[in-house]
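So you know, we letter chains A, B, ... as the sequences are listed, proteins then strands, and number each from 1. Hydrogens, waters and symmetry mates are skipped; everything else that's a heavy atom, side chains included, is used.
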2 protein chains.
Amino acid sequence: MSRVIATIDCPVAAPKNLMPASVAEPLADLLKVLADPVRLRLLRLVADAPDTTACSCHLPGPLGISQPTLSHHLKKLVDAGLLVREQRGRWAHYRLGSQSLLPLREYLDSCC
Amino acid sequence: MSRVIATIDCPVAAPKNLMPASVAEPLADLLKVLADPVRLRLLRLVADAPDTTACSCHLPGPLGISQPTLSHHLKKLVDAGLLVREQRGRWAHYRLGSQSLLPLREYLDSCC
DNA sequence: GGTTCGTATCGATATCAGTCGATACGACAA
DNA sequence: TTGTCGTATCGACTGATATCGATACGAACC
């Protein structure tokens, strides 16, 4: 006959409510856009601009990056809704997107 | 004599105060750790646990990842200070690290 | 001591992101 | 229309990272 073995099990209960992947993945995508020093500086720069509008003609120099690289980063920020692009004559101007960081704020408040 | 050319210049002033790279890079590193769906779910899972403590023995199954992959992600979270590891007998338990998200909260409040 | 089991590390692979030079596009100026 | 200039795209390279199987380590049990 089989003996009942008193195995010492992990005393912590298994998790019940797991955050769904359908929620975690879009949030991770947003964080991936934020997780770059150049883009963090770009966002802050637009936020600090007089009317929260910045022209990209001034940016490559201080940031130490080339023009294609700047264009690449700005596109990422616009695609994520973090910046809004507006064409003024020959120049492209950028302002902050609204509400785009709401999912991140909600996660931080609910989680940590 | 030279003629003054009325070139139409960009009407937006050049940025003055640029966020220093020494600030942006650590924050980007923290965001890189957060920018993964598995790690977002792990953090939320620990936060939702009864005493905010979770045992990793229950995690690979629901998350759909192998044990080495789980170990990899937990190490990243611990290294970033987002989780604190505590050995209890044979099991490793995890709780939330405190203050580790402060730089991110400050950035969000000051910027966006 | 030997076994079991939770966890970490190693090695390999595959995918992805940042960067830049070269080039194309497009709007305004002359 | 021709040129200039701001911007986007392309192609290529490089480095970082997520993943897993195999294996090693370490502590508790028998």
Side-chain angles (χ1 to χ4, degrees), chain A residues 2-12 14 21 24-25 28-43 53-61 63-80 82-94, chain B residues 2-12 14 21 24-25 28-42 53-61 63-80 83-94:
Chain A
S2 64
R3 205 162 57 92
V4 173
I5 310 285
T7 54
I8 296 186
D9 221 348
C10 169
V12 171
E25 278 166 14
D29 289 339
L30 175 65
L31 283 161
K32 277 190 226 295
V33 177
L34 281 177
D36 183 281
V38 172
R39 292 197 284 269
L40 288 176
R41 298 172 90 188
L42 281 170
L43 269 188
T53 302
C55 171
S56 61
C57 58
H58 299 124
L59 302 181
L63 286 173
I65 58 176
S66 70
Q67 179 270 324
T69 301
L70 173 65
S71 182
H72 167 75
H73 286 302
L74 287 170
K75 180 170 171 28
K76 289 238 175 187
L77 290 168
V78 170
D79 287 349
L82 293 166
L83 286 184
V84 176
R85 187 195 138 104
E86 184 186 351
Q87 192 80 30
R88 296 189 194 173
R90 280 197 289 205
W91 296 280
H93 290 229
Y94 295 88
Chain B
S2 65
R3 205 158 59 90
V4 173
I5 309 283
T7 53
I8 296 188
D9 220 347
C10 169
V12 170
E25 278 166 13
D29 289 340
L30 175 65
L31 283 161
K32 277 191 226 294
V33 177
L34 281 177
D36 183 281
V38 171
R39 293 197 284 267
L40 288 176
R41 299 172 90 189
L42 281 171
T53 301
C55 170
S56 62
C57 59
H58 300 123
L59 302 180
L63 286 173
I65 58 177
S66 70
Q67 179 270 322
T69 301
L70 173 65
S71 182
H72 165 76
H73 287 302
L74 287 171
K75 181 170 169 34
K76 289 239 174 186
L77 289 168
V78 170
D79 288 348
L83 287 183
V84 175
R85 187 196 138 104
E86 182 186 352
Q87 191 81 29
R88 296 189 194 171
R90 280 199 289 210
W91 296 279
H93 289 227
Y94 295 88

For this session: Only counting residues at least two apart or in another chain, list the ones meeting side chain to side chain contact (heavy atoms under 4.5 Å, CB included) with B/V84.
Result: B/R95
Problem set entry | Whole-Å distance separating the NE2 atom of B/H93 from the C1' atom of D/dA27 | 14 Å
Exercise. In chain order, what residues pass the side chain to side chain contact (heavy atoms under 4.5 Å, CB included) check against A/P37, with sequence neighbours excluded?
Worked result: B/A24, B/E25, B/A28
For this session: Using atom CG of A/L31 as one end and atom C1' of D/dT17 as the other, report the distance to the nearest whole Å.
Result: 16 Å
Exercise. Which pairs pass salt bridge (Lys or Arg N to Asp or Glu O under 4.0 Å) with one or both residues in residues 65-74 of chain A, sequence neighbours excluded?
Worked result: none
For this session: Send over the distance from B/R90 CZ to D/dA27 P, rounded to a whole Å.
Result: 12 Å
Contacts under 3.5 Å, N or O only, protein and nucleotides 14-20 of chain C:
unit_1, atom_1, unit_2, atom_2, d
C/dG18, OP1, A/D36, OD2, 3.4
C/dG18, OP1, A/R39, NH1, 3.2
C/dG18, OP1, A/R39, NH2, 2.6
C/dG18, OP2, A/H72, NE2, 3.4
C/dG18, OP2, A/K76, NZ, 3.4
C/dT19, OP2, A/H73, NE2, 2.3
C/dC20, OP2, A/S66, N, 3.1
C/dC20, OP2, A/S66, OG, 3.0
C/dC20, OP2, A/T69, OG1, 2.6

Problem set entry | Value in whole Å for how far the P atom of D/dA18 lies from CZ of B/R41 | 16 Å
Exercise. Within this structure, what is the CG-to-C1' distance between B/D79 and D/dA18, rounded to whole angstrom?
Worked result: 16 Å
Seminar exercise, completed: In whole angstroms, the gap separating P of C/dC28 from CZ of A/R88 amounts to 14 Å
Exercise. Measuring from B/L34:CG to A/L30:CG, what's the distance to the nearest 0.5 Å?
Worked result: 11.0 Å
Exercise. Could you give the CH2-to-C1' distance, from A/W91 to C/dA29, as a whole number of Å?
Worked result: 11 Å
Problem set entry | Atom pair distance, as rounded to whole Å: CG in A/L77 and C1' in D/dT7 | 16 Å
Exercise. Which pairs, with at least one residue in residues 31-43 of chain A and sequence neighbours excluded, count as a side-chain hydrogen bond (donor to acceptor under 3.5 Å, both in side chains)?
Worked result: A/R39-A/H73
Exercise. Any salt bridge (Lys or Arg N to Asp or Glu O under 4.0 Å) pairs touching residues 65-77 of chain A, not counting sequence neighbours?
Worked result: A/K75-A/D79
